[in-house]
Q: 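One structure follows; several queries about it will come next.
Treat the numbers as computed from the prediction; the structure is a model and nothing was measured.
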Amino acid sequence: MPRSDFLQEAIERGFVHQCTDAEALNAALSAGPVPAYIGFDCTADSLHVGSLVQIMLLRLLQKHGHKPFVLLGAGTTRIGDPSGRDESRQMLTDDAIAANMRGIRRAFEPFLRFGDGASDAAVVNNADWLNALGYIPLLREVGTHFTINRMLTFDSVRLRLDREQPLTFLEFNYMILQSYDFRELLRRHGVLLQMGGSDQWGNIVSGVELCRRTDGKQVFGLTSPLITTASGAKMGKTAEGAVWLTADRVTPYDYWQFWRNAEDADVGRFLRLFTELPLDEVKRLESLGGADINEAKRTLAYEATRLAHGENAALGAEQTAKQIFAGAADAAVGAGALNSEGVVVALPDFEAGKPAFQLFVAAGLAESNGEARRLIRGGGAKVNDQTITDEMRLISSADAVGGFVKLSAGRKQHRLVRAA
């Protein structure tokens, strides 16, 4: 049968990695609205770009008429999810968890429509049922459906043991509690689908099996790929820290700059995942080459910022970037060389690009290749106001904003580089 609209677009945009029973899920999605959820533990007072794939997946679900549930894990945060971690999470107090939950709730406001309608999003808190559980009754009623043999095969457990890192008995229970969440949401709200990152596959499958064993119901699991940048960096992390989704943690301008500075190889993928541009337009933008790729990067920055912070903030960030570069260039040219922003440097071979350490030497921000390498490795080098740590990163006129690439060494030394 043809794929449901949601599943079709999710696949085309790159959201789908694994699914427990794709054919049956497709039939359910095609038959009518399906309630689905993704869980977010309350480990910080906001969410960062690393969670954005999941948020956009919930938004896509809602776009196609299904009902998204945001599960805030005030209960499971007291345990700590071992998935993808080499060490135990910091134990948080109940007050800290409650404060984090209030902060995280704000991150969803721009992306989802909340209310009481059939496809309106809803927020649930697993502390409402987990905090009331009795240990012995839980073991007798749920624990019998989990074998240690099976649990040891899942990555969240096996990787920690393979690296000879301790896995506490507290964390070992996380899979049981997440499975219990799925069954509770099935019983309370008719939720049929749990989604999450691929590192959650073992937990999700366990929940699917628990619902089948105890309630005789078929439910589904779907995971999205874990996103890294083309250079292998973790998505949403920079040398200066996490790229948060709320304006009190990262300004709309800095958020815009994060997307504007995406690597060329990431632009098409990011446009599919993190914007709602039609796929034909995405294909056009990702096909641009040379300096024209900046059109795609500016579009990515604008569209991603518009979703998170609104159109006015996106336009303001874009205008601020233009003013910074245009103003700096005008001042530098007017002063003849040195000014508060920097020196304009024209390089005849800039079109082809230079490794970052060579460019900083050519621009006069380092006296030798060795000094430039140390500057970059130490986190003191910036390109277009974004810290770089890869000394071999190729920088060319394709990175230009307003005709210039801004280089910074520390806080006071700047150069505006353009092609000769």
Q: Mind checking whether Tyr255 and Trp244 have ring centres under 6.0 Å apart?
A: no
Q: If we ignore angles and hydrogens, is there a donor and acceptor under 3.5 Å between the side chains of Gln178 and Gln194?
A: yes
Q: Mind jotting down which residue pairs meet the side-chain hydrogen bond (donor to acceptor under 3.5 Å, both in side chains) criterion with at least one end in residues 305-316? Sequence neighbours excluded, please.
A: Tyr302-Glu311, Glu303-Arg306
Q: Can you tell me how far apart OG1 (Thr77) and CG (Leu72) are? Round to the nearest 0.5 Å.
A: 8.5 Å
Q: Is it the case that Asn203 and Ser206 place a side-chain donor and acceptor less than 3.5 Å from each other?
A: no
Q: Do Cys211 and Val208 touch side chain to side chain, with heavy atoms closer than 4.5 Å?
A: no
Q: Quick one: are the ring centres of Phe108 and Phe40 less than 6.0 Å apart?
A: yes
Q: Between Lys63 and Asp5, does at least one N-O distance fall below 4.0 Å, as a salt bridge requires?
A: no
Q: Please name all residues satisfying side-chain hydrogen bond (donor to acceptor under 3.5 Å, both in side chains) with Glu367, sequence neighbours left out, ordered by chain then number.
A: none
Q: Could you walk me through whether Arg183 and Glu141 pass the salt bridge (charged side-chain N to carboxylate O under 4.0 Å, His left out) test, one step at a time?
A: CA-CA 12 Å; Arg183 193 185 70 173; Glu141 199 262 323; 2.7 Å; yes
Q: Considering only heavy atoms from C-beta outward, does the side chain of Val49 approach that of Ile227 to under 4.5 Å?
A: no
Q: Does Glu286 pair with Arg269 as a salt bridge, N-O distance under 4.0 Å?
A: no
Q: Quick one: do Arg102 and Asp45 satisfy salt bridge (charged side-chain N to carboxylate O under 4.0 Å, His left out)? Show the steps, please.
A: CA-CA 7 Å; Arg102 291 191 295 271; Asp45 63 359; over 6 Å; no
Q: Tell me whether Arg284 is salt-bridged to Glu281, with the criterion being a basic N under 4.0 Å from an acidic carboxylate O.
A: yes
Q: Say you draw a straight line from OG1 of Thr251 to CH2 of Trp256; how long is it, rounded to the nearest 0.5 Å?
A: 12.0 Å
Q: Going by distance alone, is a donor N or O of one side chain under 3.5 Å from an acceptor N or O of the other, for Glu23 and Asn26?
A: no
Q: With side chain to side chain donor-acceptor pair (under 3.5 Å) as the criterion, how do Ser397 and Glu351 come out once you've worked through the C-alpha distance, each side chain's angles and the decisive distance to 0.1 Å?
A: CA-CA 5 Å; Ser397 56; Glu351 289 287 349; 2.8 Å; yes
Q: By ring-ring contact (aromatic ring centres under 6.0 Å, His included), which residues pair with His145, not counting sequence neighbours?
A: none
Q: Would you please classify the geometry between the Phe69 ring and the His189 ring as parallel, tilted or perpendicular, with 30° and 60° separating the classes?
A: tilted
Q: With sequence neighbours excluded, give me every salt bridge (Lys or Arg N to Asp or Glu O under 4.0 Å) pair touching residues 210-229.
A: Arg187-Asp215
Q: Parallel, tilted or perpendicular: which one describes the rings of Phe270 and Trp259, with boundaries at 30° and 60°?
A: perpendicular
Q: Apply side chain to side chain donor-acceptor pair (under 3.5 Å) to Asp41 and Thr43, showing your working.
A: CA-CA 6 Å; Asp41 277 349; Thr43 54; over 6 Å; no
Q: Sequence neighbours left out, what pairs pass side-chain hydrogen bond (donor to acceptor under 3.5 Å, both in side chains) with at least one residue falling in residues 126-137?
A: Thr76-Asn126, Arg78-Asn131, Asn126-Asp181, Trp129-Asp181
Q: Show every salt bridge (Lys or Arg N to Asp or Glu O under 4.0 Å) that has at least one partner inside residues 110-120, sequence neighbours left out.
A: Arg113-Asp120
Q: Going by side-chain hydrogen bond (donor to acceptor under 3.5 Å, both in side chains), name the residues that satisfy it together with Glu276, two or more places apart in sequence or in a different chain.
A: Arg59
Q: Taking ring-ring contact (aromatic ring centres under 6.0 Å, His included) as the definition, give me every residue that meets it alongside Tyr37, ordered by chain and number, with sequence neighbours left out.
A: Phe182
Q: Who passes salt bridge (charged side-chain N to carboxylate O under 4.0 Å, His left out) against Glu391, sequence neighbours left out?
A: Arg373, Arg377
Q: Could you check if a side-chain atom of His64 sits within less than 4.5 angstrom of a side-chain atom of Leu7, using non-hydrogen atoms only?
A: no
Q: Give me the atom names and distance for the closest heavy-atom approach of Asp254 to Val250.
A: CB-CG1, 3.8 Å
Q: Nearest 0.5 angstrom please: Gln54 CD to Ile38 CD1, how far?
A: 4.5 Å
Q: Could you tell me which residues satisfy side-chain hydrogen bond (donor to acceptor under 3.5 Å, both in side chains) with Gln8, sequence neighbours excluded, listed by chain and number?
A: Arg3, Glu12
Q: Could you tell me which residues satisfy salt bridge (charged side-chain N to carboxylate O under 4.0 Å, His left out) with Lys67, sequence neighbours excluded, listed by chain and number?
A: none
Q: Mind checking side-chain hydrogen bond (donor to acceptor under 3.5 Å, both in side chains) for Thr223 and listing every partner two or more places apart, or none if nothing turns up?
A: Gln18
